[in-house]
Each structure stands twice: as structure tokens, then as C-alpha cells.
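So the structure is just underneath, and the comments pick up after that.
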Amino acid sequence: MNENIRTRFAPSPTGYMHIGNLHTALFEWLFARHEGGKFILRIEDTDVERHTPEAVQVIYDGLRWLGLDWDEGPDVGGPHGPYVQSERVEIYQGYLQQLVAEGKAYECYCTPEELTARREAMRARGEAPRYDNRCRTLTEAERAAAQAAGQQACVRLRMPEGGATVVRDLIQGEVSFENALVGDPVIGKTSGFPTYHMAVVVDDYLMQISHVIRAAEHLANTQVHMQIQAALDFPTPTYAHLPLILGEDRTKLSKRHGAVSVVEYQEKGFLPEALFNFLALLGWSPGGSEEVLSREEIIERFTLEACSASPAVFDLAKAEWLNSEYMKQMPGEEMATRLLPLLQEHGLMEAEPSPERLAWLAQVADLMKERAPLLTTYAEWARYFFTDDYEYDEKARDKWLTKPETPGVLRQLAERLETLAGWDAESVEGAVRGLAEEVGVGAGKVIHPCRAAVTGTTVGPSLFHLLELLPQETVVMRLRRAAEAFGEQ
RNA sequence: GGCCCCAUAGUCUAGUGGUUAGGACUCCGCUCUUUCAAGGCGGCAGCACGGGUUCGAGUCCCGUUGGGGCUACCA
């Protein structure tokens, strides 16, 4: 247990939770939990235009769905609040003023238009497009003039003119950046808001974040962050930059790759525990050959040292495989609980099912869980358990239903089953096999047409156990219905 | 363009100078069974390339190539 270990997840409220962000959050959470430290949630909304209040809820929902709880945050509070950056502007302004007063930062009067124009010009000349630091050397008179003219100013950090900034990163190793290569970065916006760089440094310090764990896209920014820390006389936290998650084309996972938002995975029918496991395996290796690991095992084994530095492609097929593994090992009652909302949505289950009905659903779930990769495919594949309204698929028709002898077989079977005294897998099997024997055909000649008629498909769980879970009269009706439908062919 | 990072099969990965380069997903066979979309068994497929260092390199160094990130008053 080490409460001094503190990590944070610092998303900006954009209205949706990117799966890559959730991956980052997971690793930050895992490290904190493994070390017995604290996991802090902080909302980075210094870009006013982007901020929407509902968007914060989306972040909560995503984290909770995956089971990532936070020890400090906007809703739960904590000793270092507030945990929303827009509520901390005075704090940043204090530090900004301090830096200007100390001469470590300065006000810059260049307008965005001028900056863009100059950047374009530099690019055209084949130069690296960066700020030319012209306001750094303004005289007092020039500053006074600019202020008198009512020109708006942003605040820029005075970068060291030489030397290099060395990031010691737990995952990426030692990375060095030349200071002379970057222009003085903006740390305070004209609006009075801090930039991301300023806010992140101040908050990580004030919130006593010990390990800054974030995506690798921030590695280069760390140079600026460390210079702000130096100017403010803040200690440098330990850094760990996580590999980026890529789409199939090996570029940063984005909307054009398809499902990228966490809710899309919920809607696809992923179990949160499966996605948790899958995400953990992206960029981290548990060591052994076992990959299906419980949340506890993952926490237990997680270390930053075992994290990879190379980017990882999100492999949906493997995610689905993992999901199916979780469904297989889940008890029927639990599966029923997960399935119920989905089935209700499709009108396949009533709004308030009785305990008996739920017990039945659990039996159906147990029977089917070995097959479907996702909750949604499951609901599709099990449709015939819930309604008589299903289609006969192509294979069922071609292979069995349209065979000339099938209607007769179905009628005879219907007759037998209708008068069957007990309705359980065993007696149904007896009736089916009995009929086959009498007619003098293999059991398959009865079983297959029966499955096709009653389920509309050629695949599925054990026929007798499946029939057992359907009402006797339903099965009889479906057999006759199919016999009728295909009788004239 | 500049800076930085990355590089084991299609994908996720183990490997830390001496291994028949291991596991997982996918795909493909075979098999069991009343079906497979399940189970069992098996198979295809990899150290990007070129130089070094070394008795010996997937492993260390340099370069090339490829990919990615950053280069905003977005985070």
C-alpha cells in the first residue's frame, strides 16, 4: 500500500469517450490499484468552446461501465479540488502572473492571424514553422504602446535558448529534445484561460500526481511541461507514455475506423469485463501464456515495466473472441441479467418478467452461451426462443424444408409430440428417435427437419434440450406450420 | 520539411547474446456429434533491409526503409 502513488485520468469533455482514452484510463487505474495508490479524475475543459456539461456525464458513464472507480474527482470531491479546470482559472492566473513578474514568461501581442501568416511564410521558405519569439524582446516602451493601443496579450514561456530537455520515461526510456528547436509556447491564452500545457503542469503538481501516465502522443509535449515545471520550481513527476492504439490501417484510431466510442462497444454487445481484459492486453503483457484473466489477476500482475512502447492495432476479432470466452464462463442467471435489457428492447421479453420467466431465461442463456460472440448476436441467434415470428434461413430451406419427404415427417412428429405425456429432453428424444426407427430412417432425418422447422436454422444447441425449453404446443404448432408451408412442393 | 518514437506471422504478444523463435486471435484442415456458429486435434504463417560488434545476434551499435506521434491561444 502506498498512498503517495497518485495517478490521474484527465479527459476533456468532448461529448463521447474514445476507446483509446478508456485504454489510457484503464492503465492509470491499474497502476494505482496495483500499487495501492489513488486514482484521480480531472476534467480538462480549458477550451471553452468544446465544453459541454452533459459531456462530463459521458465520461463518468464510460469509466463506471468498465468498472474504473476514482478516489477523487468532480463528483466525489477530495482534498485537492476543484477537479474541473474551468473552476480553477484563478489558480492558473496566479502562477501565470508570477512567471511574468519573474521574467520567466512574457506577454505576447501577436494576433492569431499574424502568427498563421508567419507560419505559412516560414513553411513556404522551407523552414520549420515555429514562433519567432519576437515579443520576447519587446522594450518597455513597446509594451506600453501595445497596451495603450488596447492590444490583447497572451502569455508565453521563455524557453531556454540552448541545451536539451531529457524526459526519463518508464516506458519510452530516455528521450531528449533540443530546447532551441521550439518557439516560446503559449501558456496563457488571451481569454485568460491557461493552455493545456500550463493547466496540466499546475494541476499535476497541486494534486500531487506522482505518475503521469498518458498516451504517447504527449511525449513531445513533455519537453514544454518540464520547462514550465522548471520555471515554477515544481518537481518533475514520473512519466510513463503509453503506446497509441491504432486502427487496422495503422494510423491513430479515429472515427473513420468505425466504432471508436465506448458506447458503440456497449451497443455492439460487449461485456465490460471482456473489454477490460482485452484493453489491458493492448500494450501490456501479463507474462504467462494465459490471456483470459480476471480483473483481480490483472491488477495483481500489472506493472508499467511490462508495458510495450510500440503502438498496437485494435483487433476486433480478438476482442470478440475474448467476449465469447467471458460469456461461456458466465452462469446462466448472470447472462440472463445482461441479456434482458437487450431482449426487451427488441420486444422479445416483457417489461416485468416473473421469477419463473427469468429462471427460464437463465436456462435459455445457459444453453446458448457457448455459441455467440456478443450479446447482440446472441439475441439474434436465440430469437426463436422468444417468438414464433422468425425466418427460415436459406440453408434450412434448401437442405431440409423443401425436401419432398419433410412435410410428412414433420406431420408425424407433430402428432407424436402432441400426445407426449412428459415434456422434457429425455422424453422428446425418445419420441423423435422412436419415430425414426418406425419409419426406418436415421435419427438425423427427423432431427434436422425438426430443427429447421422449429428454429428456422440448421445450427444451434442440442435439439432435445432446446425443445424442452419451448412449450409443447408451440413446438407442435411450428412443426405443422412448416409442414403446411412446404407441403405443396 | 524539422524533432521524436516504434519495428518478432494478417493482428496482439513472449523473448533480454547460444531457443527446433513460445503463446493467443484470425484463417485452413481433420475429428466428435442430431447441426455448428460449440468441443477436441492438427496445420499455414514471423525476427523489415543493409552494415558492423562478437566465437555466436531476434536480442547490442550505426544506417536505410516503413509506420506513427508532435510541430495550435485543441487537449
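These numbers were taken from a predicted model, which means no experiment stands behind them. Residue numbering restarts at 1 for every chain, and letters A, B, ... go by the order of the sequence lines.
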What's the gap between [N] and [M] when it is taken at their [atom1] atoms, as a whole Å value?
| N | M | atom1 | answer |
| --- | --- | --- | --- |
| G18(B) | C12(B) | C1' | 28 Å |
| C6(B) | C62(B) | P | 12 Å |
| A7(B) | U59(B) | P | 12 Å |

E107(A) and its side-chain hydrogen bond (donor to acceptor under 3.5 Å, both in side chains) partner, picked from Q147(A), Q152(A), R156(A), Q151(A)
Q147(A)

Between CD of E113(A) and P of C73(B) the distance, given in whole Å, is 12 Å

L244(A) atom CG is separated from G68(B) atom C1', nearest whole Å, by 8 Å

Nearest-neighbour nucleotide for the [X] side chain, [options] considered:
| X | options | answer |
| --- | --- | --- |
| Q172(A) | C6(B), C73(B), A75(B) | C6(B) |
| K252(A) | U34(B), C3(B), G69(B) | G69(B) |
| K318(A) | C73(B), U34(B), C25(B) | C25(B) |
| F464(A) | U34(B), U13(B), C73(B) | U34(B) |
| V313(A) | C73(B), U26(B), C12(B) | C12(B) |
| D315(A) | C6(B), U71(B), U11(B) | U11(B) |
| L219(A) | U34(B), C4(B), G23(B) | C4(B) |

Decide yes or no, distance alone: a donor-acceptor N/O pair under 3.5 angstrom between the base of G10(B) and the side-chain of E248(A).
no

Does any N or O donor sit under 3.5 Å from an N or O acceptor when you compare the side chain of R130(A) with the base of U71(B)?
no

Aromatic rings F314(A) and Y265(A): how do their planes relate, parallel, tilted or perpendicular, breaks at 30° and 60°?
tilted

Taking only the side-chain nitrogens and oxygens of R250(A), find out if one of them lies under 4.0 Å from OP1 or OP2 of G10(B).
no

In B/S/- notation (B base, S sugar-phosphate only, - none; protein heavy atoms under 4.0 Å), nucleotides 36-43 of chain B written 5' to 3' is BBSS----

Checking all strands, does A312(A) fall into the base, sugar-phosphate, or nothing category for heavy-atom contacts under 4.0 angstrom?
sugar-phosphate

